[in-house]
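Okay, structure first, notes after.
The sequence lines fix the lettering, A, B, ..., with proteins before strands; numbering per chain opens at 1. The figures here come from the full heavy-atom set of this structure, side chains too, leaving out hydrogens, waters and symmetry mates.
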Amino acid sequence: MSTMKDVTLEINGKNIRAKDGMSILQAAQAADIEIPTFCYHEKLEPYGACRLCIVEITEGKRTRLVTSCVYLVKEGLMVKTNTERVNKIRKMILELLLPLAPTGPLKTLAHQYGVKESRFPAEPTFCILCGLCVRYCAEIKKENAICFMGRGIDRHIVFVSEISAGVCSFCRECHDLCPSGKITKLSEEVASLSPLESEI
Amino acid sequence: MNKIKSPSELEKLRKEILGKKDPKKPSIVICGGTGCNALGAQQVVTVFKEAIKKQDLEGKIDIKETGCLGFCEKGPRVIIYPEEIYYFQVQSSDVSEIMSKTIIEKGLVERLLYTDLVTVEKAKNISDISFYKHQVRTLLQNNAKIDPKRIEDYIATGGYSALAKVLYKMTPEQVLEEVKKANLRGRGGGGFPTGRKWETTRNASGEPKYVIVNCDEGDPGAFMNRSLMEGNPHSVLEGLTIGAYAIGSHEGFVYVRQEYPLAVENTRIAIKQAEKHGLLGKDILGSGFDFTVKIHRGAGAFVSGESSALMTAIEGKVGEPKPKYIHTAEKGIWDKPSNLNNVETWANVPLIISKGADWFRSTGTEGSKGTKIFSLVGKVNNTGLVEVPMGITFRDMIYKIGGGIRFGKKFKAVQIGGPSGGFIPENLLDTRIDFDELRKIGGMMGSGGIIVMDEDTCIVDVARYYIDFLSQESCGKCVPCREGLRQMLNILNNICAGKGKDGDVELLEELSEFVMDASLCALGGTAPNPVLTSIRYFRDEYNAHIKENYCPAGVCRELITYYIQPEKCQACGICVRECPTEAIYGGKNIIHVIDQKKCIRCNTCLDVCPERFSAVEKIPRKSLPLSVPPDTKVVRKR
Ligand SMILES: Cc1cc2nc3c(=O)[nH]c(=O)nc-3n(C[C@H](O)[C@H](O)[C@H](O)COP(=O)(O)O)c2cc1C
Ligand code: FES
């Protein structure tokens, strides 16, 4: 991969040079342009699930919304990270997530976007299913000690006790990744169970 | 069986098969499709076989079990050849009469013929049956001639001759051009031009290239793809092989949901037989072209039908959509170019090759050519599998083919396109069913499920049902689809439970727009359709629920009350006895009254009240009279 070309694109009216193969998000970050994210982590495969990083792009005459963490830069691409449409979507995402995780970085960001209160009923699970813990454990640690269960609105995360009993107490690297405090809560619950389980 | 090595050998075999057939020999065709099987077709087959054996007629009468014949509701279906007599609702007890009257004496068993709903006449020919009269069955017609477990039957109808033509007389580019010229559009929902998709995969860099059949069919109540895959699997395989040749692919997959065991079985047998005959595998028909097909059984999640999710599932991972901006046609299974088409799309291909693009284009509308298979269900008189030219109006579909609304009720809406399709109201019944017209009115073709609803259907409740389904069948990965649908469901649940608030409809609209704009895949991208179209065309019903606390169709339990009209009650005591919660008071000569606190609104009283009294009615909650006036407490003696 020695032939990584440079491309020039425009973000918020500024010309930016980026390496071919980079995502819009990476190019923006390199140029100190802020795009909010929840599910992105530089060490992990882009996941495209929180949709907070949505931006507006124009190619030729066509303007549309794309997720910047997975959309790759192209020569001449025009990107806007803060349009009315983009902000409306981010606000709604935050308003939908706030009832799940009313504290922490989410609250700060929500306030930043003018979301003080959500119109939706509180249901504090402390998990926004960004999958950082699950993917970190699978991609970096190669352990798969924590995983998703269920689909649709029943989706949640669980520790796989057969694996987590052996590895989690030494690692705990996912604790700092969690944006909403779920992991600490969940591992306390698992810990309270473990004497029983270790007897088996 | 030796492998067939050339088109002329194929033609020779076809003639041999046909030569062995005596056109005068009686043949009993029994539909073994899922609908008829559920109604007891297997039993009918067994009894026919026994009868043939007992009467020493083995070898003198053919018996054939086929795929779906269409009019499933009137199954089990039996056809007697060569006279082509169509019998409906045949039970095993009818077999001996059919044997003696029709097979031996060549007469009719009148009561098993179809009776026209209007003229009450018995139908002797298929063209006398309104359900069939208005159909154009190019894809489905062979279902009656084919035992899907016998490749010979397919070959006898000219099967695999399109493949022979392609391999010996056409270049891949010519095949591509023909499909493009036919303007075949994908039957899986989106209506994407098939030729263009093939070309993308053909031109994409990367080897190997894959071709895939999408037989996930996760829409509740749909059975179009299943009927083709079960009833005529070779037509799909032949189309797939032709596509592979055009694209330059040598490996294919048939993705079938686990819940379709018969489709899996018939496809498996078809692949084996095609391999044995040299119609799949190495050096197909002696042309030097190699192509193999594997079956992948899906775990039956609705979202797995989405292209990137389906391909992830074939890779052996959880079938979740990928957030990629490169089409699967370029980077699909294991990041290799992968062309996915729907079952019905593939089944059209051999016909286009055999009969030509111009023939295909002669049916349908400007933008949507050919025929389309639909499953027509709901509150119409005739339900089942239908095939019609693209561009038929909803009105013709419902009133001519469907025979109108059941029990003379009033039409309310028709829903098309699966769970994320749209509702279409009465004033749009003359809309033509084609890809572009549907999109204009907020609907979509989907894979072709049509559900007809009458005045007793609550649109808000049905929209709620779809959002409930989609919120559970979404993969749950991205926030807009998962959390957006969760809140939409919440609001709809509240509205149906009488807890709707001012502003709910507007919030639903706001959430709908957001979910469509921001979701990762097309499931979220289309999921709000039932909500948006129901608000667009039936806003009154939402308002009635929210503002008047009333469900006009009398469906949402929390919004209705059962009331015994004192002037009609004859104090017969039936409802008092039948009420499961003992909520009805009253005795001999004393007018019955429902204790609303105990009533669970199970509808029993309304069901059991004798029709000549019709004293029980469903009324809006708030219009419940406070109590029975004292002077009417006793039934006046007549
Ligand atoms: C949630 C979802 C479910 C789908 N389910 C099916 C399905 O069951 N069968 C199908 O053929 N296409 C389904 N599709 C469409 C496929 O993604 C794809 O467009 C189609 O198989 C392409 O074939 P075609 O071009 O022949 O229509 C689904 C799409 C979505 C978003
Ligand atoms: S950071 Fe791009 S979708 Fe979450």
Chain A heavy atoms under 4.5 Å from [X]: which part of the residue, side chain, backbone, both or neither?
{"X": "B:Lys477", "answer": "both"}
{"X": "B:Leu507", "answer": "side chain"}
{"X": "B:Leu489", "answer": "side chain"}

For B:Tyr210 and B:Thr201, does a side-chain donor sit closer than 3.5 Å to a side-chain acceptor?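 No donor-acceptor contact under 3.5 Å links the two side chains.
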
Between B:Ser447 and B:Asn225, do the side chains contain an N or O donor and an N or O acceptor separated by less than 3.5 Å?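 No.
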
Sort out for me which of A:Asp154, A:Leu129, A:Ile54 touches chain B most, counting heavy-atom pairs under 4.5 Å. A:Leu129

Under 4.0 Å between a Lys/Arg side-chain N and an Asp/Glu carboxylate O for [X] and [Y]?
{"X": "B:Lys336", "Y": "B:Glu207", "answer": "no"}
{"X": "B:Arg439", "Y": "B:Asp436", "answer": "no"}
{"X": "B:Glu483", "Y": "A:Arg51", "answer": "no"}
{"X": "B:Asp517", "Y": "A:Arg85", "answer": "yes"}
{"X": "A:Glu95", "Y": "A:Arg119", "answer": "yes"}

What part of [X] gets closer than 4.5 Å to chain B, counting heavy atoms only: side chain, backbone, both or neither?
{"X": "A:Leu72", "value": "neither"}
{"X": "A:Tyr47", "value": "both"}
{"X": "A:Glu45", "value": "neither"}
{"X": "A:Arg155", "value": "side chain"}
{"X": "A:Ile89", "value": "both"}
{"X": "A:Leu100", "value": "side chain"}

Among the options B:Lys322, B:Arg482, B:Lys324, pick out the one with the most heavy-atom pairs lying under 4.5 Å from chain A. B:Arg482

Would you mind telling me which of B:Glu513, B:Glu320, B:Gln487 has the largest number of heavy-atom pairs within less than 4.5 Å of chain A?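 Heavy-atom pairs under 4.5 Å are most numerous for B:Gln487.
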
Is there a side-chain contact between A:Pro36 and A:Leu109, using heavy atoms and a 4.5 Å cut-off? yes

